[in-house]
Amino acid sequence: MQRRFLILLVAVAFGLAAEQAGFGWGDPGHWIPDLAVGWCLIGCGVIASVRHPESRSGVLMSATGFTWFLGNFAGVGVTVVAWASAHALFLHRGPLFHLLLTYPGARGPSWVTRAAIAVFYAAAVITSVWQSEAAAILLAALLLAGCGYEYARTVGPVRRMRLIALEAAAGLSLVLAARAVVDLVVSPEAASVASLLAYEAVVVGVVGVLLAGLFLGRGRGAAVTDLVVQLGQARSGTLRAELARAIGDPALEVGYWLPEAGTFIDAAGGTLSLPDPGVGRSATVVERDGRPAAVLIHDAAVLSDPVLLDAVVTAAQLGTANARLYAEVRAQIAELAASRRRLLDAGDHARQRLERRLHDGAERRLEELAETLRRCRQYATGPQTRSSISAARPT
């Protein structure tokens with residue numbers, strides 16, 4: 001606790017020194033918003049570190065706040081400090097983008113994300129990169145794509161928090177791209193004040209949203225239960241979609257026990273097969289009154305948390321009553337349709353057999369009759385008889 005209190009004291013002193021060096025006290029329209037942004041970022045980082053020390057998000061928030069002030073020392077009289085400060089104008093975007101790509105910090109990023117983080121840190125120390133409007137738009141798009149990639153590859157409760165980072169990255173990317181477009185269309189000097197204030201507000205908003213996500217993410221078990229309690233009239237498809245969203249597994253499958261068939265069926269009424277061991281998917285059976293009621297087929301890592309598992313099972317028990325009835329009705333409808341198709345097919349086959357028998361029998365008798373008439377004509381004596389037999393022969 002003393003260490004974090006010391007961090008806050010250093011942040012206060014460092015921020016005031018940066019504003020005095022960058023703007024002076026005679027320009028409150030610039031130094032007050034700038035100071036507020038830096039302090040807010042550092043304060044959010046300290047709070048996140050206190051409440052969730054296992055997450056790296058707090059450290060990255062604080063790093064964003066301290067690097068926010070570095071660019072203000074570009075006007076000091078020390079040459080080395082002025083040069084380093086001038087090249088640190090966009091340095092805060094390195095830890096800020098790092099924060100968005102790794103939030104909530106519960107698992108290591110992929111090699112693709114590590115490469116993107118390295119690109120962002122390199123761009124943060126090369127001032128000319130962010131001063132290029134085309135490069136700024138490209139980097140903003142890369143940030144959004146990277147967060148989207150991390151969201152797509154994540155399952156479980158972390159996926160819900162990754163969605164928060166994706167939405168925050170979308171807002172930040174939009175502001176960065178819009179600022180670059182405005183600088184292209186309008187002179188940078190004319191749009192600098194308004195765009196700077198908008199950027200400062202978005203940066204604070206992004207970090208604030210991420211901090212709130214760290215707190216709200218801890219109540220996910222109750223959130224799952226509350227979600228499905230509201231699905232009193234939910235159909236099976238709705239239940240599956242809502243549970244998949246709540247636990248962070250888009251591939252979640254929900255099956256309902258059909259006692260008559262002794263198997264689980266899906267929402268469409270088809271038989272649902274349980275996964276084999278070692279395929280990365282697990283089956284959690286939901287019981288009701290000591291008997292199977294439903295089964296959840298999910299990623300093996302999704303329900304590793306016992307608290308979340310209990311909440312999901314309770315939620316599924318509450319939500320499967322109506323959904324199971326819908327699934328049973330659909331299964332009966334599917335069986336009725338299949339039975340009707342079987343009857344129609346059997347009728348078609350019987351009709352075809354009857355047609356073949358009638359066709360074959362009549363044709364054979366006509367051929368026999370024609371052969372008889374041909375023989376009779378050979379032995380007929382009178383011309384009138386032969387003419388009559390020839391007229392009677394089928395053509």
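Everything numeric in this text was worked out from a predicted model, so none of it was measured.
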| Intermediate values then yes/no, side-chain contact (heavy atoms from CB on, under 4.5 Å), V295 and E253 | CA-CA 8 Å; V295 64; E253 295 179 87; over 6 Å; no
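Between W130 and L176 there is a side-chain heavy-atom pair separated by less than 4.5 Å. Residues I297 and P275 are in side-chain contact: their nearest non-hydrogen atoms beyond the backbone lie under 4.5 Å apart. Side-chain contact between W39 and V12 is present, with at least one heavy-atom pair separated by less than 4.5 Å. Residues S57 and L210 fail the side-chain proximity criterion, which asks for heavy atoms closer than 4.5 Å. For the pair M61/L211, a side-chain contact is recorded, criterion being any heavy-atom separation below 4.5 Å from C-beta on.
One hydrophobic cluster, built from ILVMFWY side chains closer than 4.5 Å, cannot hold both L336 and L343; they sit in different ones. When the side chains of ILVMFWY residues are joined at heavy-atom separations under 4.5 Å, either directly or via intervening members, Y149 and V119 end up in two distinct hydrophobic clusters. Grouping the Ile, Leu, Val, Met, Phe, Trp and Tyr side chains by contacts below 4.5 angstrom, directly or via other members, places F69 with V125. V59 and L41 fall into different hydrophobic clusters, where Ile, Leu, Val, Met, Phe, Trp and Tyr side chains are chained together by heavy-atom contacts under 4.5 Å. Linking Ile, Leu, Val, Met, Phe, Trp and Tyr whenever their side-chain heavy atoms come within less than 4.5 Å leaves I333 and L344 in two separate clusters.
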Could you pull out every donor-acceptor pair under 3.5 Å between side chains of residues 82-92 and any protein atom, sequence neighbours left out?
{"residue": "S85", "atom": "OG", "partner": "L70", "partner atom": "O", "Å": "2.4"}
{"residue": "S85", "atom": "OG", "partner": "G71", "partner atom": "O", "Å": "3.3"}
{"residue": "S85", "atom": "OG", "partner": "F73", "partner atom": "N", "Å": "3.0"}
{"residue": "S85", "atom": "OG", "partner": "A74", "partner atom": "N", "Å": "2.9"}
{"residue": "H87", "atom": "ND1", "partner": "W83", "partner atom": "O", "Å": "2.8"}
{"residue": "H92", "atom": "NE2", "partner": "Y199", "partner atom": "OH", "Å": "2.7"}

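Taken to the nearest 0.5 Å, the CZ atom of F120 stands 9.0 Å off from the CG atom of L100. Atoms CD1 and CZ, from I164 and R159 in turn, are 13.0 Å apart once rounded to the nearest 0.5 Å. For the atom pair CZ (R179) and CG (L174), the distance works out to 13.5 Å, reported to the nearest 0.5 Å. Here the CD1 atom belonging to I32 is positioned 11.5 Å from the CZ atom belonging to F23, to the nearest 0.5 angstrom. To the nearest 0.5 angstrom, R341 atom CZ is 13.5 Å from D348 atom CG. The CZ atom of R351 sits 10.5 Å away from atom NE2 of H349, with the distance rounded to the nearest 0.5 Å.
Residues H298 and T284 share a closest heavy-atom pair of NE2-OG1, 2.7 Å. Closest approach of F264 to P292, counting heavy atoms only: CZ-CB, 4.3 Å. The minimum heavy-atom distance linking I42 with S62 is given by the pair O-OG, 3.7 Å. Shown here for V129 and A135, the closest heavy-atom pair between the two residues is O-CB, 3.2 Å. Closest of all the heavy-atom pairs between S173 and A140 is OG-O, 3.0 Å. For the residue pair L60 and T64, the shortest heavy atom distance occurs at O-OG1, 2.8 Å.
Annotation for L144: hydrophobic cluster partners, listed by chain and number, are Y151, L163, L166 (ILVMFWY side-chain heavy atoms under 4.5 Å, direct or chained).
Shown here is W25, whose CH2 atom has more than 12 heavy atoms of other residues, nucleotides or ligands within 6.0 Å. Sparse packing is recorded around CZ of R51, with 12 or fewer heavy atoms of other residues, nucleotides or ligands lying under 6.0 Å away.
Partners of E200 by side chain to side chain donor-acceptor pair (under 3.5 Å), not counting sequence neighbours: none found. Listed by chain and number, the residues in a salt bridge (Lys or Arg N to Asp or Glu O under 4.0 Å) with R342 are E335 (sequence neighbours excluded).
Of the residues P109, C147, S110, the one that meets the side chain to side chain contact (heavy atoms under 4.5 Å, CB included) test with L101 is C147.
Screening residues 118-129 for side-chain hydrogen bond (donor to acceptor under 3.5 Å, both in side chains), with sequence neighbours left out, gives H98-Y121. The list of side-chain hydrogen bond (donor to acceptor under 3.5 Å, both in side chains) pairs with a residue in residues 271-282, not counting sequence neighbours, reads D249-R281.
Between the side chain of W31 and the main chain of Q20, no donor-acceptor pair closer than 3.5 Å is present. The main-chain N or O of D34 is found under 3.5 Å from a side-chain atom of W68 such that the two form a donor-acceptor pair. With hydrogens and angles ignored, the 3.5 Å screen pairs no side-chain donor or acceptor of R93 with any backbone N or O of A124.
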